[in-house]
Amino acid sequence: MALGTHPTFSVNVNEGVHIMRLDNPHIVTAKHPNMGNLVGVTNGSRNLSDAKYLSSIDIWNDDDMETRTFKTIIHCLTKENNRLKKENLRLMKVHREIAGLCRT
């Protein structure tokens, strides 16, 4: 992203496209007892109730092929994100251990 630009997030609304400007976009996920797995986009908050856009990512029988594909991609990205978070924690632990050895 170029310096001085702001990220935007587009949401289709009725016949047109509504551009929602987010200065600090953040993706949040949650599991709701009635609505299933949810994903939301907030403007920096980590709270799902502050989501500017909210959607269930569970695949339903009446979803069309495009929606199923979209939801499948989100599931894959979520799994990859969780894997990368775990790997990052592992690497930070190794880094701290190496830094501790260098101090002695």
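Atom set for the values below is all heavy atoms of this structure, side chains included, hydrogens, waters and symmetry mates excluded.
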Under a 3.5 Å distance rule, please check whether [X] uses its side chain to pair with a backbone N or O of [Y] as donor and acceptor.
X   : Y   : value
N43 : N24 : yes
S56 : G36 : no
R90 : K85 : no

Interatomic spacing from [atom1] in [X] to [atom2] in [Y] - rounded to 0.5 Å:
X   : Y   : atom1 : atom2 : result
T29 : N82 : OG1   : CG    : 7.5 Å
L91 : R96 : CG    : CZ    : 11.0 Å
T72 : I57 : OG1   : CD1   : 10.0 Å
H75 : K71 : NE2   : NZ    : 8.0 Å

**Asked** With sequence neighbours excluded, what pairs up with D58 under the salt bridge (charged side-chain N to carboxylate O under 4.0 Å, His left out) test?
**Response**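 D58: no salt bridge (charged side-chain N to carboxylate O under 4.0 Å, His left out) contacts found.
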**Item:** Over all atoms of both residues, closest heavy-atom pair of A51 and G40
**Value:**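 Of all heavy-atom pairs spanning A51 and G40, the closest is CB-CA, 4.2 Å.
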Would you kindly confirm whether [X] and [Y] end up in one hydrophobic cluster when ILVMFWY residues are joined by side chain heavy atoms under 4.5 Å apart?
X   : Y   : answer
F70 : V41 : yes
V39 : L54 : no
V28 : M35 : yes

**Message:** Would you say that E80 contacts R83 through its side chain, given a criterion of any heavy-atom pair below 4.5 Å between the two side chains?
**Reply:**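 SC-SC contact between E80 and R83 confirmed.
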**Request:** Please examine the side chains of D63 and R68, heavy atoms only from C-beta on, and report whether any two atoms are closer than 4.5 Å.
**Result:**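 A side-chain contact exists here, since the closest heavy-atom pair is under 4.5 Å.
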**Passing option when L89 is tested against K93, M92, E87 for side-chain contact (heavy atoms from CB on, under 4.5 Å)** =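 Testing each of K93, M92, E87 against L89, the sole residue satisfying side-chain contact (heavy atoms from CB on, under 4.5 Å) is M92.
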**Item:** Flag for N47-S45: side-chain donor and acceptor within less than 3.5 Å
**Value:**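 Side chains of S45 and N47: no pair found under 3.5 Å.
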**Request:** Assess the side chains of T78 and N81: does a donor N or O sit below 3.5 Å from an acceptor N or O?
**Result:**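 On atom types as modelled, these side chains do not qualify, holding no pair under 3.5 Å.
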**Prompt:** Within a radius of less than 6.0 Å around CE of M65, do more than 12 heavy atoms belonging to other residues, nucleotides or ligands occur?
**Reply:**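 It does not: M65 CE has 12 such atoms or fewer within range.
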**Asked** So with a 6.0 Å cut-off around CD of E97, is the heavy-atom count from everything else above 12?
**Response**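 Yes, the 6.0 Å shell around CD holds more than 12 heavy atoms from other groups.
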